[in-house]
Amino acid sequence: MKVLVPVKRVVDYNVKVRVKADETGVDLANVKMSMNPFDEIAVEEAVRLKEAGLATEVVVVSCGPAACQETLRTALAIGADRAILVDCGETELQPLAVAKLLKAVCAAEAPQLVVCGKQAIDDDANQVGQMLAALQGWPQATFASKLVLADGKAQVTREIDGGLETLEIGLPAVVTTDLRLNEPRYASLPNIMKAKKKPLDTTTPATLGVDVAPRLKTLKVSEPPRRQGGAKVADVADLVNKLKNEAKVI
Amino acid sequence: MAILVIAEHDHASLKAATRNTLAAAARLGGDIHLLVAGSNAAAAAQQGAACAGVAKVLLADAPQYAEQGAENVAALVLSLASGYSHILAPASTFGKNFMPRVAALLDVAQISDIVAVQSADTFVRPIYAGNALATVQSADPVKVITVRGTAFDPVADGGSAPVEAVAGAADSGQSKLLGRELTVSARPELGAAKVIVSGGRGLGSGDKYRELLEPLADKLGAALGASRAAVDAGFVPNDFQVGQTGKIVAPQLYLAIGISGAIQHLAGMKDSKVIVAINKDPDAPIFQVADYGLVADLNEAVPQLIAAL
Ligand SMILES: Cc1cc2nc3c(=O)[nH]c(=O)nc-3n(C[C@H](O)[C@H](O)[C@H](O)COP(=O)(O)OP(=O)(O)OC[C@H]3O[C@@H](n4cnc5c(N)ncnc54)[C@H](O)[C@@H]3O)c2cc1C
Ligand SMILES: Cc1cc2nc3c(=O)[nH]c(=O)nc-3n(C[C@H](O)[C@H](O)[C@H](O)COP(=O)(O)OP(=O)(O)OC[C@H]3O[C@@H](n4cnc5c(N)ncnc54)[C@H](O)[C@@H]3O)c2cc1C
């Protein structure tokens, strides 16, 4: 069984981004970029399926500029077998476009399982996996905290607002990862070296026959209102007094 | 053109987020239809009919909607979609699950997690964990939108809309629910609570979390929340997590206890009206957003606070 894992190159989760003064976007110059943390979890899960003998091949795919090769190499170092870059240059990619590109990749690769992150931590859209599942007519299990494959089916425990639920879905399917699915390993130096020699193919939206034109126009990106925090209270009595008489919230 | 809002409910009653979503819909201008897809969900539909601003409730009552699975709910919404200019649902795990399927099959963008409506085609949404706000305009014929509940005050009762039965779409049979483990609690829902007591890794253990924070929450009539670190460490269940990738909350009062204030945590609570932080580290980033910061050992401060309330 082949597993496909889409991985996205995003601003590292430790970076606090700054809005550009002209409000056209956030300042990404010289900012540290990393693999979306949910996608690391997805790659780890796929590699574990292979190690357990349940998957035969793990293919990773990233859509974006050439720099996404770095992200793909990271995935190969974790243990993926092969990578595909859908080189979109600097074109802005929105979730529907990414889902269509992934659909085209699925047509060529015929995976039985696609494991996506539940959301990318930059755009926080939380859409791509579900969109891909819909375009393929496949079942989905989002926000997974446990994945068990048996008898051509997947049993997936999902983190939902009220707690947990477990679904059984047929394959092929899309699963999206939540934080507690696994703890991704650190790639070892030998594996990082090996990853450099693993195959990485490049294709383009035009070759895949996908129109990636954005549907949403970003009119501006602005700074959220700042909180005036920072005040300290002396002790518990002072705190209770202020909550009662100043903030009047208790 | 009319607007379709998809209700989140448990068949017997509407979830609070439905009322926030109706409030966002009211900003768009147009008749609002509320879809209740459920199984034996007449009671939820009646509550919907009583919401201010609802012109009509569509009730799809069929066994395949008992579990609220994404495949079936999306197929139903698609079967009803023509004639609507906007389709809205809460940006909860319910709405996030099926709405992108609707958008993809309508071949339109989804506008995720909006916090403001500027016009019928222009919306504001947070990106980068709320560190930036994007104003986006959609040229698509139908706008598929998920709504951040905390950004819109819930609509009250006051309507008396008719309830119209609609046929369900065929059962996809693609997904089977094996079981649910829901957190049973007499406390308010995190998303709708006026006061939230939230604990982090600083609590040290699940036992300490319960010993210190439950009585405090009892005194304040509060919901309980947590940081990711507290959930990962097993102190509390996953549905307690507040943050960028957990629940977004904006209560009147948020108490962060033993929480450092990572960007991802702040993203989930920084719109709270009043924030209290109790932390022994005076340099913890949580103090930068706190209205009332108390530098103290929580093991001493929390029992004192309980006694003083
Ligand atoms: C140069 C550039 C500029 C952009 N500028 C803007 C802007 O100004 N405003 C704006 O709103 N958006 C902008 N975008 C788009 C935005 O960053 C997202 O790529 C897009 O909206 C997808 O949403 P998401 O990643 O949040 O999707 P989600 O649905 O949150 O992602 C979920 C999962 O889908 C998969 N996935 C998502 N994207 C990719 C990918 N590219 N390759 C492989 N797998 C993927 C991953 O598994 C990920 O975990 C820009 C993109 C580019 C490349
Ligand atoms: C992709 C991704 C998504 C994430 N999503 C979320 C999210 O949604 N929500 C979230 O919360 N986090 C999220 N995180 C994690 C986040 O980065 C932090 O790791 C987490 O919030 C830290 O939790 P904490 O504050 O409880 O723990 P810590 O950072 O370890 O802080 C513990 C605090 O307790 C204080 N303390 C210790 N002992 C005492 C005592 N006796 N008395 C008083 N104070 C004490 C310490 O001074 C410290 O400030 C995410 C991370 C990633 C990478």
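Naming: A, B, ... by sequence-line order, numbering from 1 per chain.
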Quiz item: Can you name the closest pair of heavy atoms from B/Ser272 and A/Arg227 and give their distance?
Solution: O-NH1, 2.6 Å
Quiz item: What option among B/Ile278, B/Thr122, B/Val231, B/Asp113 has the most heavy-atom pairs under 4.5 Å with chain A?
Solution: B/Val231
Quiz item: Would you call B/Gln241 and A/Arg180 a side-chain contact if the rule is heavy atoms closer than 4.5 Å?
Solution: yes
Exercise. Could you tell me which of B/Leu253, B/Leu190, B/Leu177 has the largest number of non-hydrogen atom pairs under 4.5 Å with chain A?
Key: B/Leu177
Quiz item: What is the distance from atom CD of B/Gln174 to atom CG of A/Leu167, rounded to the nearest 0.5 Å?
Solution: 12.0 Å
Quiz item: Top residue by heavy-atom pair count (under 4.5 Å) with chain A, among B/Lys194, B/Lys270, B/Arg228?
Solution: B/Arg228
Quiz item: Looking at OG1 of B/Thr245 and CG of A/Leu179, how far apart are the two atoms once the value is rounded to the nearest 0.5 Å?
Solution: 4.0 Å
Exercise. May I ask you to test the A/Lys16-B/Asn131 pair for a side-chain heavy-atom distance under 4.5 Å?
Key: yes
Quiz prompt | Option that, when pairs with chain B are counted at under 4.5 Å, heavy atom only, ranks first among A/Asp161, A/Asn14, A/Thr176 | solution = A/Asp161
Self-check item: Step-by-step side chain to side chain contact (heavy atoms under 4.5 Å, CB included) determination, B/Asn97 to A/Arg158
Solution: CA-CA 11 Å; B/Asn97 196 31; A/Arg158 310 179 52 231; 3.4 Å; yes
Quiz prompt | Smallest separation among heavy atoms of B/Ala301 and A/Val236, with atom names | solution = O-CG2, 3.7 Å
Exercise. Rounded to the nearest 0.5 Å, what's the gap from CG on A/Asp178 to OG1 on B/Thr93? Could you check?
Key: 10.0 Å
Exercise. Sort out for me which of A/Lys153, A/Gln155, A/Gln228, A/Glu159 touches chain B most, counting heavy-atom pairs under 4.5 Å.
Key: A/Glu159
Self-check item: Within-4.5 Å side-chain heavy-atom neighbours: B/Arg101 and A/Gln140
Solution: yes
Quiz item: Between B/Val302, B/Val276, B/Thr146, B/Leu220, which has the largest tally of heavy atom pairs under 4.5 Å with chain A?
Solution: B/Val276
Self-check item: Nearest atoms (heavy-atom pairs only) where B/Pro100 meets A/Gln130
Solution: CB-CB, 3.5 Å
Practice problem: Side-chain contact test, heavy atoms from C-beta onward, threshold under 4.5 Å: evaluate it for A/Lys248 versus B/Val274 and give yes or no. | Solution: no
Quiz item: Do A/Lys118 and B/Lys96 touch side chain to side chain, with heavy atoms closer than 4.5 Å?
Solution: no
Quiz item: Are B/Arg125 and A/Asp123 close enough, and set up right, to give a side chain to side chain contact (heavy atoms under 4.5 Å, CB included), and what steps lead you there?
Solution: CA-CA 10 Å; B/Arg125 57 177 303 264; A/Asp123 208 46; 3.6 Å; yes
Quiz prompt | Expected output: side-chain B/Asn238 to main-chain A/Gly163 donor-acceptor under 3.5 Å | solution = yes
Quiz item: Are the charged groups of A/Lys100 and B/Asp107 less than 4.0 angstrom apart, N to O?
Solution: yes
Quiz item: Looking only at heavy atoms, what is the nearest atom pair of A/Leu135 and B/Ala104, with distance?
Solution: CD2-O, 3.7 Å
Quiz item: Of all heavy-atom pairs between A/Ala134 and B/Leu105, which one has the smallest distance, and what is that distance?
Solution: O-CD2, 3.4 Å
Practice problem: Please tell me if the side chains of B/Arg180 and A/Ile160 come closer than 4.5 Å, counting only heavy atoms from C-beta onward. | Solution: yes
Practice problem: Return the option, out of A/Gly170, A/Ala133, A/Ala234, with the maximum number of heavy-atom pairs under 4.5 Å with chain B. | Solution: A/Ala133
Quiz prompt | Close side-chain approach of A/Leu96 to B/Val108, heavy-atom, < 4.5 Å | solution = no
Quiz item: Hey, is the main chain of A/Pro95 close enough, under 3.5 Å, to the side chain of B/Gln110 for a donor-acceptor pair?
Solution: no
